[in-house]
Enquirer: 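Got a structure here, written out as C-alpha cells. Questions coming.
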Amino acid sequence: MPRKGLLDPQGSSIRHALRSLGFRELADARVGKTVHLELEAEDVAAAEQAAAAMCRKLLANPVTESFAVVECRELEG
C-alpha cells in the first residue's frame, strides 16, 4: 500500500469513478498489492515473523510502501 501522504493516482481514479457512480459514502480509496505466501514454519507466530521479514527485505519498498501481514493460519491437510 502506498504510504500516507504519497500520491496514489490509481486510488484517486477509483475514488472519483465510484463517487460518480453514486457511492457517496466512499471517503477514500488506495491501491496496493497483495502477496499470498505459503510457508513451512513451526507455528503461526514463526510464519508471521518470516513473512514480515520477507516484506522488509524484498517484497515492500519501505520508502514508498507500508505493509501488513494480515492473515496467517495453518493450512489443513
Side-chain angles (χ1 to χ4, degrees):
M1 188 68 58
R3 287 185 171 271
K4 281 195 171 247
L6 293 180
L7 291 177
D8 181 9
Q10 195 173 8
S12 293
S13 294
I14 289 170
R15 185 182 67 239
H16 291 298
L18 288 172
R19 283 184 177 168
S20 71
L21 290 172
F23 295 100
R24 303 284 180 220
E25 68 274 23
L26 179 65
D28 196 13
R30 309 232 352 128
V31 175
K33 63 185 172 188
T34 301
V35 178
H36 295 263
L37 302 170
E38 190 171 319
L39 307 175
E40 293 182 8
E42 291 183 23
D43 54 30
V44 170
E48 288 175 347
Q49 289 178 352
M54 291 175 191
C55 291
R56 282 191 301 274
K57 292 183 177 181
L58 179 72
L59 300 174
N61 179 345
V63 175
T64 61
E65 299 171 312
S66 61
F67 71 89
V69 177
V70 294
E71 181 182 358
C72 202
R73 60 183 166 82
E74 289 186 37
L75 294 177
E76 297 175 18

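The basis for the numbers below is simple: all heavy atoms, side chains too, and nothing from hydrogens, waters or symmetry mates.
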Enquirer: Which value, rounded to the nearest 0.5 Å, describes the distance between N61 atom CG and C55 atom SG?
Expert: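 Here the rounded value is 12.5 Å.
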
Enquirer: Enumerate the salt bridge (charged side-chain N to carboxylate O under 4.0 Å, His left out) contacts for residues 32-53, please, sequence neighbours excluded, ordered by first and then second residue.
Expert: K33-E65

Enquirer: Does the R15 side chain pair with the main chain of L26, one donor and one acceptor, at a distance under 3.5 Å?
Expert: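 Checked: no pair found.
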
Enquirer: In terms of hydrophobic clustering (I, L, V, M, F, W, Y; side-chain heavy atoms under 4.5 Å; direct or indirect links), are V69 and M1 co-clustered?
Expert: no

Enquirer: Show the nearest heavy-atom pair for residues A47 and L39, with the distance to one decimal.
Expert: O-CD1, 3.4 Å

Enquirer: Verify the neighbour count for atom CG of L21: are there more than 12 heavy atoms of other residues, nucleotides or ligands below 6.0 Å?
Expert: yes

Enquirer: Is there a continuous path of hydrophobic side-chain contacts, each under 4.5 Å between heavy atoms, that joins V35 to V31?
Expert: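 Not linked; separate clusters.
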
Enquirer: Sub-3.5 Å donor-acceptor pair from the side chain of R3 to the main-chain atoms of P62, do we have one?
Expert: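 Yes; at least one donor-acceptor contact below 3.5 Å.
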
Enquirer: Taking all heavy atoms of A29 and all of I14, pick out the closest pair and write down the distance.
Expert: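 Heavy atoms only, the tightest pair is CB-CG2, 4.1 Å.
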
Enquirer: Under the criterion side chain to side chain contact (heavy atoms under 4.5 Å, CB included), I'd like the reasoning laid out for K4 against L6: C-alpha separation, chi angles, the key distance, then a yes or no.
Expert: CA-CA 6 Å; K4 281 195 171 247; L6 293 180; over 6 Å; no

Enquirer: If you group Ile, Leu, Val, Met, Phe, Trp and Tyr by side-chain heavy-atom gaps below 4.5 Å, do L37 and L58 land in one group?
Expert: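 They do share one cluster, since a chain of ILVMFWY contacts under 4.5 Å joins L37 to L58.
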
Enquirer: Closest heavy-atom contact between A52 and F67?
Expert: O-CZ, 3.8 Å

Enquirer: Kindly say whether R19 contributes a backbone atom to a donor-acceptor pair with the side chain of R24 at under 3.5 angstrom?
Expert: yes

